[in-house]
Amino acid sequence: MSNRPPSRTPSAHLPAAPEPRLPYEATIMVRDSCLCLHAQRAARALARHFDAVLRPFGLTNGQFSLLMALNRPVPATMAPLAELLAMDRTTLTAALKPLQRRGLLEVHPDPADRRSRQIVLTPAGRSLMADALPVWTATHAGIDRLVGDPGRLRADLRALDRLHAGLPAAA
């Protein structure tokens, strides 16, 4: 009699567990109807398109949006700016650094709360945005013509954005 414990490896003659049932038709259904997939694909296509037209200005579409969000009468602070751009603060901080190095924006302590930071466009940033805006506007007009009813699309996207806020999509 052996003192070894019994082997825990399954015997080769036991039947394999049945494979989960996932018909190919399910893949086709998800491919054709998944809002998330189609929104991601559209977002990537738009981002690539705007990146290309903004490249002569040395900007990406994300940088353009960030700098445009700073074009305001009162300096922006981190938390509201991050919320507007749907970014966490760490990602926003990383996005600000190359623009700050280029002299397009400045980050200063908030005089009302030294723990907070204010972000402002510099004159160079404002000038670059003034140069880029007509190209963005013309590109945007072309996309608006492509989608048919841009007002409806924007309303639908805002409804979906409510999911981010934890609110019901339909209001």
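When reading the values below, keep in mind they use all heavy atoms of this one structure, side chains included, and skip hydrogens, waters and symmetry mates.
Residues Ala132 and Leu54 approach most closely at CB-CD2, 4.3 Å, considering heavy atoms. Between His38 and Cys34, the shortest heavy-atom distance links the atoms CD2-O, 2.9 Å.
By the 4.5 Å heavy-atom criterion applied to side chains, Arg48 and Arg44 are counted as neighbours. Side-chain contact between Leu70 and Leu81 is present, with heavy atoms from C-beta onward closer than 4.5 Å. Side-chain atoms of Leu59 and Leu67, non-hydrogen and from C-beta on, do get closer than 4.5 Å to each other. Within the 4.5 Å cutoff, side-chain heavy atoms of Met68 are placed close to those of Leu133.
Each of Arg117, Met78, Gln63, Arg101 was checked for a side chain to side chain contact (heavy atoms under 4.5 Å, CB included) with Leu96, and the lone residue meeting it is Met78.
Asp156 and Arg152 are joined by a salt bridge, as a carboxylate oxygen and a charged side-chain nitrogen come within less than 4.0 angstrom of each other. Look at Arg154 and Asp144 and you find a salt bridge, because one of the NZ, NE, NH1 or NH2 atoms lies within 4.0 Å of a carboxylate O, short of that distance.
For the atom pair NE2 of His49 and CD1 of Ile143, the computed distance is 4.5 Å after rounding to the nearest 0.5 Å. Rounding to the nearest 0.5 angstrom, the gap separating the CD1 atom in Ile119 from the CG atom in Leu105 is 8.0 Å. Going from atom OH of Tyr24 over to atom CE of Met29 covers 13.0 Å, rounded to the nearest 0.5 Å. Separation of atoms CZ (Phe64) and CG (Leu99) is listed at 12.5 Å; rounding is to 0.5 Å. Atom CD of Gln118 and atom CG of Asp110 lie 4.0 Å apart (nearest 0.5 Å). Between atom CG of residue Leu84 and atom CZ of residue Arg72 there is a gap of 6.5 Å, rounded to the nearest 0.5 Å.
Remark: the His108 side chain and the Glu106 side chain contain an N/O donor-acceptor pair separated by less than 3.5 Å.
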Inset, instruction - Before giving the answer on side chain to side chain contact (heavy atoms under 4.5 Å, CB included), spell out for Leu66 and Leu92 the whole-Å C-alpha distance, their side-chain angles and the decisive distance to 0.1 Å. - result: CA-CA 9 Å; Leu66 193 161; Leu92 176 58; 3.8 Å; yes

Inset, instruction - Could you please spell out the steps behind the side chain to side chain contact (heavy atoms under 4.5 Å, CB included) verdict for Leu121 and Leu104? - result: CA-CA 6 Å; Leu121 273 178; Leu104 302 175; 5.5 Å; no

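Using the six-membered ring where Trp is involved, Phe50 and His140 have ring planes that are tilted, between 30° and 60° apart.
Within 6.0 Å of the CG atom in Leu35, the count of heavy atoms belonging to other residues, nucleotides or ligands does not exceed 12.
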